Amino acid sequence: MSGPFAEGDRVGVLTTQPLGKPLDYLAPAGGCGIGDFVEVPLGPRRVVGVVWGPGEGDFDAAKLRAVARVLDAAPMREEMRQFLTRAADYTLTPLPAMLRLATRAPGLGDPPSMQKIYRRGTGAPDRMTPARARVLDVLESYGGLAFTLGEVSAQAGVSTSVIKGLLPSGAVLEEDMPRDRPYPRLDPARPGKALSPDQAAAADRLRAAVTAGDYGTTLLKGVTGSGKTEVYLEAVAACLSKGRQALVLLPEIALTAEFLSRVEGRFGARPAEWHSGVTMAERRRLWRMVGQGAAQLVVGARSALFLPFRDLGLIVVDEEHDSSYKQEDGVLYNARDMAVLRASLCSAQVVLASATPSLESWANAEAGKYARLDLSARFGAAELPRMDTIDMRAEDVPAGRWISPSLRAAVADRLGAGRQSLLFLNRRGYAPVTVCRACGQMIGCDHCDARMVEHRFQKRLVCHQCGESKPIPEACPSCKVEGKLAPVGPGVERLAEEAAELFPEARIAVLSSDLFASARELKAQIEAIAGGAADIVIGTQLVAKGHNFPLLTLVGVIDADLGLQGSDLRAAERTFQLMRQVAGRAGRGEEKGLALMQTYQPEHPVIRAILTGDEEGFWRAEAAERRAAGVPPYGRMAGIIISAPEAKAAFDLGNRLARNDGPLRSIGAQVFGPAPAPIARIRGRHRVRLLIKAGKGTPLQAAIRAWLAPVKLPSNLRLTVDIDPQSFF
Ligand code: ADP
Ligand code: ZN
């Protein structure tokens, strides 16, 4: 591989090691080029890096070490280097940490490896047995497809020696196939569904934008079931027809089962998948193939944004408002915003799809930065559910119960009609609080400032903050009195218990992320429920995402007030989105659904807006409030969290930073705090928070960088900067 650097030239190599900037090396025999993936010696080790540019240090050339080798991978493109640099600047993340996100596939430097595969040959077996017949049957039943040994043996239910025994006769052929092979071709020319006039108009606009081939972002808004997916798949088709690659980001692994088969139905083959459930070998294959353009469409979680696409022409961010797009540990980035950045650097289109867009995207569309397309009606017969509140002040609900008589009657009605009901409560576990009735103490986590949540299915108390768990004790940890611990408040498990008592004949299913060992199990359960395997579904926010339950005609929201409490800037917005989404579950089939919200404050503006369906009204009111307060998206914010084993050390640094705020003041920014973070202790570390508010359009990152530059962090202190914080813990 040759490049602008000849053997012995000084080159700068960026590695994934936390060293800040590129290090100088000498180009290897054969030279190298900018963007080449290389292996370089670092101390006693060899690490992967990227040739970032000419070397610039004044380190003695005689002492420089040479690049060990250039890896057999498509060089990192200029636009990707720019993307990583800009993303690092924006999030105040060291560049090596960004590069790590872009190289998250194992064995990048390994030579291409081969895999033995088996297919039907023309020979006849010397002798036929039932086991052999089954092997040939499997190999013939998929039209000449090749399998691995493990696949054939599992499908035919035979040992591998049976398969190998068929080789000498030529009845079965063994071949070598590269492990990193291209993905099946998707055919964008296959016809899509016949679109409604609304859908067709939106699809036309997106197709035109993709075909033009430059950057642009479109907010695609439409209620759940209005056909947003159908519409953006047309944009994907246009992109593939142009020979460019497309990426569809989804918030939850659970979404992909249904989604992948839809893509297959549309384009005749499955797309490449990228998420935490994908095997290491498959990750490597995808990373390499995407770089060669041999994967046309990737469907993935947020980190798929950092894959080395050769020619990315479209990024769809489905459910763009979803808070899981914000990575909350490691590199703190928002995949929705980074998608826009990446697209702007590679002349791609972005489609942000949602029934309930974030206020940020709504405001960007209002300001004309994004185009906006609205799908008004639900497709076909399905309509939005009717919505109503149940005023809990007027309901007679016994202590320790949460299902009101009105809601109970509505569920009974669906049961009689053979329809499904969903009871929604966004709280995992049995009870959020366990209190001792002898001394009044609530059981807290030993390491965090959080209550332990009882999980009765697992027979444990769990801290939802740090994951610490312990068996449910007999005696109170404080006063040692036995048998006095009592659950307070409901979680989904407790609600399931109540529902079972009220409706002993009903089949009840609980959908909560902690009750499933794997995403696969969860998918299976969701599919079973969609097929009618339950009468009453009890679920957390997991069910608010885009699953289709055709038999579901009633949604009961157990505590509509839950999300309205707390100091979070986005509390109202989140509640609004969640309620609308949950309500959207009811009546996706032929029948009209009903959504009932139990609330103690039916006159609250958010509850009113949900009921009347006046979304634009809700957003305008919310926008006005945030504009008046100068908070995002009408102002800028950053959170600084300092954590330390001792609270005092964290406060000392926080106070020092707050006093020396010159660089921030120079751009008109204000510092608030230090104050104990809303969760003041996590995993034994005390947390102190500073909040920075600045005007829209101010150079906040540069000011923060200058402000933090003189800080020398002692090794036991940690400081993280969160630009545009989403959650305020
Ligand atoms: P959204 O993404 O807005 O929730 P979907 O695209 O998933 O909506 O559409 C909801 C359901 O309606 C899906 O089952 C989809 O296949 C169906 N659907 C939407 N538009 C059409 C159409 N034009 N023709 C046939 N079925 C459609
Ligand atoms: Zn804890």
Side-chain angles (χ1 to χ4, degrees), residues 190-207 218-238 246 248-252 254-268 271 297 299 314-322 325 336 350-358 361 372-385 422 523 526-527 529-532 541-553 555 577-593 595 613 615:
R190 287 167 59 114
K193 297 204 166 95
L195 299 180
S196 71
D198 232 24
Q199 295 173 338
D204 281 346
R205 294 271 296 276
L206 292 180
R207 255 195 304 261
T218 303
L219 175 61
L220 176 62
K221 183 179 170 306
V223 294
T224 327
S226 58
K228 294 184 295 299
T229 311
E230 294 302 332
V231 169
Y232 73 64
L233 285 180
E234 293 312 306
V236 171
V248 174
L249 293 178
L250 299 168
E252 288 257 347
L255 265 172
T256 60
E258 191 192 338
F259 186 80
L260 293 173
S261 10
R262 267 179 89 170
V263 171
E264 189 174 3
R266 176 67 180 79
F267 299 117
L297 171 62
V299 174
L314 172 69
I315 307 175
V316 176
V317 184
D318 202 352
E319 312 275 351
E320 67 90 28
H321 61 276
D322 197 281
Y325 282 122
R336 178 195 63 216
V350 179
V351 174
L352 305 176
S354 177
T356 54
S358 60
S361 298
R372 176 169 164 176
L373 294 171
D374 282 69
L375 297 176
S376 44
R378 279 194 161 189
F379 180 76
E383 290 176 65
L384 259 192
L422 165 68
K523 278 183 207 170
I526 287 173
E527 274 158 27
I529 292 173
Q541 62 179 0
L542 203 60
V543 299
K545 314 268 160 95
H547 314 297
N548 241 324
F549 296 121
L551 295 173
L552 186 74
T553 61
V555 172
Q577 290 163 342
L578 200 56
M579 292 300 121
R580 297 281 302 188
Q581 301 243 311
V582 171
R585 296 301 104 212
R588 292 198 81 183
E590 299 288 298
E591 288 166 63
K592 198 168 170 69
E615 296 175 67

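Indexing begins at 1, ligand by ligand and atom by atom, following the structure's order. Each residue takes its place number in the sequence, starting with 1. Values below: all heavy atoms of this structure, side chains included; hydrogens, waters and symmetry mates excluded. In this text, all values refer to a predicted model and were calculated from it rather than measured experimentally.
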Mind listing the closest non-hydrogen atom pair of Q199 and L375 along with its distance? CA-CD2, 3.9 Å

Give the atoms of ligand 1, by number and element, whose distance to some non-hydrogen atom of A194 is under 4.0 Å. 22 (C), 23 (N), 24 (N)

Please walk me through it: do R266 and V236 pass side-chain contact (heavy atoms from CB on, under 4.5 Å)? CA-CA 10 Å; R266 176 67 180 79; V236 171; over 6 Å; no

Residue pairs fulfilling salt bridge (Lys or Arg N to Asp or Glu O under 4.0 Å) with at least one residue in residues 219-229, sequence neighbours excluded: K221-E615

Just jot down the ligand 1 atoms closer than 4.0 angstrom to any heavy atom of S226, in number order. 3 (O), 8 (O)

Nearest to atom 5 (P) of ligand 1 by heavy atom, K221, E319, K193, R262: which? R262

Proximal ligand 1 atoms for L195, defined as those under 4.0 Å from one of its heavy atoms: 23 (N)

Given the rule in the side-chain contact (heavy atoms from CB on, under 4.5 Å) test, do L314 and Y232 qualify, once you have shown the distances and angles that lead to the verdict? CA-CA 10 Å; L314 172 69; Y232 73 64; over 6 Å; no

Quick note on ligand 1: atoms under 4.0 Å from a heavy atom of K228 include exactly 1 (P), 2 (O), 3 (O), 4 (O), 6 (O), 8 (O)

Can you tell me if R205 has over 12 outside heavy atoms packed within less than 6.0 Å of its CZ? no

V223 neighbourhood, listing ligand 1 atoms whose heavy-atom distance to it stays under 4.0 Å: 3 (O)

